Amino acid sequence: MKSEPDVFGIEHLKKMPKKTEHWDGVRNYQARNMMRDEMKKGDMVFFYHSNCTEPGIVGIMEVVREGYPDFTAFDPEQKYYDPKSDPDKPCWYMVDVRYKRMTKRLISLQELKGYKALEDCPLVRKGNRLSIMPLTKKQWDFILKLEDKKPG
DNA sequence: GCCAACGTTGGC
DNA sequence: GCCAACGTTGGC
């Protein structure tokens, strides 16, 4: 899952009560479908910092609540308000995630792009803008092992 | 339903 | 700050 460190970075998540927060503000259908239909309680997720000096994976979190309506879409006062969505027929969904730990080092996008094992990940594709994307077990394990490896 | 215009994302 | 890539909007 991607987020901008200046807006909501992993340091923010770490400081939340119970180190848990709802992942609001996603206004993209593919990403929404992921949260509404695919992500299950207990699933592990990499936290990815985007739009910053060194974009890449910085930590690990866990899904603690499965897809439910993103209430920030209902309130006109909210930044993420969307009139398309109302409580009777929610358009946008979110999950709750809990901080687990930092990765032992930042695993940069630049590095991830270099591995053949990850060439099928949407993340490393040019022009990718999806903020939430799935990893296969293989890809997840591969990235986890990179923690103990020197970058490059 | 097509598609041009527009807005956003996000790496660089 | 630039700009390519993509998603969304709206006129027709």
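Letters A, B, ... are given to chains in the order of the sequence lines, protein chains preceding strands, and every chain is numbered from 1. Quick caveat: nothing in here was measured; it's all calculated off a predicted structure.
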Quick check for you: among [options], whose closest atom lies nearest to any side-chain atom of [X]?
{"X": "K126(A)", "options": "dG10(B), dG7(C), dA5(C)", "result": "dA5(C)"}
{"X": "K2(A)", "options": "dG11(B), dG10(B), dT8(C)", "result": "dG10(B)"}
{"X": "L109(A)", "options": "dG11(B), dA4(C), dT8(C)", "result": "dG11(B)"}
{"X": "N28(A)", "options": "dG7(C), dG10(B), dC12(B)", "result": "dG7(C)"}
{"X": "Q30(A)", "options": "dG11(B), dT8(C), dG7(C)", "result": "dG7(C)"}

Atom [atom1] of [X] to atom [atom2] of [N]: distance rounded to whole Å?
{"X": "E4(A)", "N": "dT9(B)", "atom1": "CD", "atom2": "C1'", "result": "8 Å"}
{"X": "M133(A)", "N": "dG7(C)", "atom1": "CE", "atom2": "C1'", "result": "15 Å"}
{"X": "L130(A)", "N": "dT8(B)", "atom1": "CG", "atom2": "C1'", "result": "14 Å"}
{"X": "K113(A)", "N": "dG10(B)", "atom1": "NZ", "atom2": "C1'", "result": "10 Å"}
{"X": "D82(A)", "N": "dG7(C)", "atom1": "CG", "atom2": "C1'", "result": "14 Å"}
{"X": "E111(A)", "N": "dG11(B)", "atom1": "CD", "atom2": "C1'", "result": "17 Å"}
{"X": "H49(A)", "N": "dC12(B)", "atom1": "NE2", "atom2": "P", "result": "17 Å"}
{"X": "D6(A)", "N": "dG11(B)", "atom1": "CG", "atom2": "P", "result": "13 Å"}

Step by step, work out the side-chain contact (heavy atoms from CB on, under 4.5 Å) result for R98(A) and L13(A).
CA-CA 8 Å; R98(A) 179 184 297 146; L13(A) 180 62; over 6 Å; no
Which sits closer to the 5' end of DNA chain C, G127(A) or N51(A), going by the nucleotide each is nearest to?
N51(A)
Name the residue from R65(A), M39(A), M61(A) that meets the side-chain contact (heavy atoms from CB on, under 4.5 Å) definition with W23(A).
M61(A)
Is any side-chain heavy atom of V97(A) less than 4.5 Å from a side-chain heavy atom of E62(A)?
no
A side-chain contact here means heavy atoms from C-beta on lying under 4.5 Å apart; do F47(A) and Y99(A) qualify?
no
Ring pair (Phe, Tyr, Trp, His ring centres under 6.0 Å) partner of W92(A), chosen from F74(A), Y80(A), Y29(A):
Y29(A)
Presence of Y48(A) side-chain N/O under 4.0 Å of dT9(B) phosphate oxygens OP1/OP2:
no
